Amino acid sequence: MVRIDLHTHSTRSDGTDTPAELVANAAGAGLDVVALTDHDATTGWDAAVEAAAQVDLELVRGLEISCRHHGAGVHLLAYEPDPAHPGLDAELARVLEGRNDRLPRTLAKLEELGYPVTAEQVRAVSGDAAATGRPHIADAMVGLGYVVDRDEAFGRFLMPGRPAYVDRYAADLETMIGLVRDAGGVTVIAHPWSRGSRRVLDAEAFESLRGSGLSGVEVDHNDHPPERRVELRGLARELDLVVTGSSDYHGTGKVGFDLGCHTTDPGQLDRLRHGWEQAARDAAQQHRLA
Ligand code: AMP
Ligand code: ZN
Ligand code: FE
Ligand code: FE
């Protein structure tokens with residue numbers, strides 16, 4: 001049986017495995033195909049592709065883009081786009097800038113609350129990440145003894161509604177779906193019915209987003225209770241959207257999200273692959289015409 005996991009994070013965002021370690025662990029977990037999908041960044045692709053070639057594992061190049069739809073945060077998985085596409089590159093740069101802008105504002109709030117953390121302390125734990133995320137701030141707080149783990153840092157300080165939460169720039173969802181397609185890739189909405197995005201993603205929204213070029217939805221994910229998965233799978237079938245299942249692995253950064261804990265059917269990956277191959281042909285033709 002072919003085992004496919006299409007959503008994982010490395011140290012290039014907020015995971016704890018380097019891209020090469022992640023690939024080795026994926027092979028060790030018996031996976032045949034793994035997608036590296038760091039938040040808003042593609043800097044891990046080369047190292048992951050190289051490592052995958054050593055262990056006979058297929059590496060799908062992806063990323064998870066921070067988007068917004070009707071005011072709610074939505075995470076968009078993008079597979080095999082050309083990161084050099086000017087429009088995509090510019091928009092991802094804006095998102096990364098938003099992450100960097102947020103850091104000092106979050107630290108100011110923590111300071112006010114009596115939990116001082118310096119930017120240097122955060123950078124010491126974020127290492128080779130393309131930009132900082134809240135999990136890095138959480139790790140720095142663990143290091144300082146303020147909290148015991150990332151979960152406590154989010155629960156007490158960093159999630160929306162908590163006193164050190166700060167919003168940041170996110171890309172418009174429909175625009176980003178189009179940009180990824182123009183860049184020769186395909187898109188799948190990550191954990192669509194997790195807390196943040198459920199209210200803006202009903203059947204009508206999915207239908208409209210499919211019209212904008214969306215290929216699929218991630219159904220099997222730890223953030224979705226089993227009965228929600230049944231409902232979402234039915235909806236995806238009705239709308240002829242690709243259905244995926246994935247771990248959202250973050251190394252030791254997220255407990256219970258182990259590699260391969262959810263997987264994607266090979267037929268569904270084939271559909272995504274046809275989609276990105278077609279998108280790449282269209283992008284090449286656009287390029288010739290331009
Ligand atoms: P950011 O990318 O900076 O907005 O931070 C959001 C990321 O933090 C999410 O994509 C998750 O990977 C991670 N995250 C969210 N909640 C938690 C939590 N309770 N514990 C650990 N990581 C979390
Ligand atoms: Zn993450
Ligand atoms: Fe996500
Ligand atoms: Fe993720």
Side-chain angles (χ1 to χ4, degrees), residues 5-17 19 22 34-42 44 60 62-68 72-79 92 95-107 109-110 117 119 122-123 125-127 129-142 146-162 164-171 187-197 217-218 220-224 244-259 261-262 264:
D5 187 340
L6 295 178
H7 184 168
T8 72
H9 297 269
S10 76
T11 50
R12 302 308 173 99
S13 62
D14 54 4
T16 58
D17 289 359
L22 187 151
V34 71
L36 176 65
T37 55
D38 277 312
H39 294 288
D40 310 311
T42 61
V60 174
L63 66 164
E64 182 178 17
I65 307 171
S66 311
C67 295
R68 202 175 303 283
V74 176
H75 286 178
L76 184 68
L77 293 161
Y79 299 109
L92 289 176
V95 174
L96 290 176
E97 206 177 285
R99 287 181 167 282
N100 291 328
D101 279 355
R102 179 181 55 175
L103 178 63
R105 296 195 287 139
T106 308
L107 298 185
K109 290 198 163 186
L110 285 171
V117 182
V122 176
R123 277 192 208 102
V125 296
S126 68
T132 54
R134 281 174 287 164
H136 300 124
I137 302 172
D139 289 347
M141 295 178 78
V142 173
Y146 298 157
V147 290
V148 297
D149 57 15
R150 283 185 179 182
D151 265 341
E152 189 188 348
F154 272 84
R156 285 178 57 198
F157 300 104
L158 300 173
M159 53 183 240
R162 298 295 183 265
Y165 176 75
V166 176
D167 201 12
R168 63 179 164 86
Y169 177 77
T187 50
V188 171
I189 296 188
H191 46 75
W193 284 356
S194 61
R195 200 172 357 188
S197 52
V217 288
E218 187 178 59
D220 294 306
H221 184 284
N222 276 351
D223 288 359
H224 297 153
T244 69
S246 301
S247 64
D248 204 357
Y249 175 72
H250 281 68
T252 58
K254 236 175 164 176
V255 176
F257 291 65
D258 299 326
L259 283 164
C261 68
H262 297 289
T264 295

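Atoms within a ligand are numbered from 1 in the order they appear, just like the ligands themselves. Counting begins at 1 with the first residue of the sequence. Please read these numbers as outputs of a predicted model, since none were measured by experiment.
Of the protein's heavy atoms, R99 NH2, 2.8 Å lies nearest to atom 2 (O) of ligand 1. Here the heavy atom of the protein found nearest to atom 6 (C) of ligand 1 is R134 NH2, 3.4 Å.
Protein atoms that are N, O or S and lie under 2.8 Å from the Zn ion (ligand 2) are these: D14 OD1, D14 OD2, H39 NE2, H250 NE2. Around the Fe ion (ligand 4), the protein N, O or S atoms closer than 2.8 Å are H7 NE2, H9 NE2, E64 OE1, D248 OD1, listed by chain and residue number.
Contacts between R168 and ligand 1 below 4.0 angstrom, taking non-hydrogen atoms only, involve the side chain exclusively. Only the side chain of D14 comes within 4.0 Å of ligand 1, judged by heavy-atom distances.
In this structure, H262 has its ring center at least 6.0 angstrom away from the ring center of H221.
Taking both residues in full, the closest heavy atoms of G133 and R102 are given as CA-NH2, 4.0 Å, listed atom of the first, atom of the second, then distance.
Taking a 6.0 Å sphere around CZ of R195, one finds it holds 12 or fewer heavy atoms contributed by other residues, nucleotides or ligands.
Residue contacts with ligand 1 leave out E64, since none of its heavy atoms falls under 4.0 Å from the ligand. Between R102 and ligand 1 there is a heavy-atom distance shorter than 4.0 Å. Residue H9 places every heavy atom at 4.0 Å or more from ligand 1.
The residue from F257, Y165, F154 that puts a heavy atom closest to atom 17 (C) of ligand 1 is F154.
Numbered from 1 in the order shown, with element, the atoms of ligand 1 that lie under 4.0 Å from a heavy atom of P135 read 5 (O), 7 (C), 8 (O), 13 (C). Of all the atoms in ligand 1, the ones that sit under 4.0 Å from a non-hydrogen atom of G133 are 3 (O). Within the listing of ligand 1, atoms 10 (O), 12 (O) sit less than 4.0 angstrom from a heavy atom of H39.
Under 3.5 Å, the side chains of T252 and T16 contain a donor-acceptor pair of N or O atoms. A donor atom on one side chain and an acceptor atom on the other are found under 3.5 Å apart for E64 and H9.
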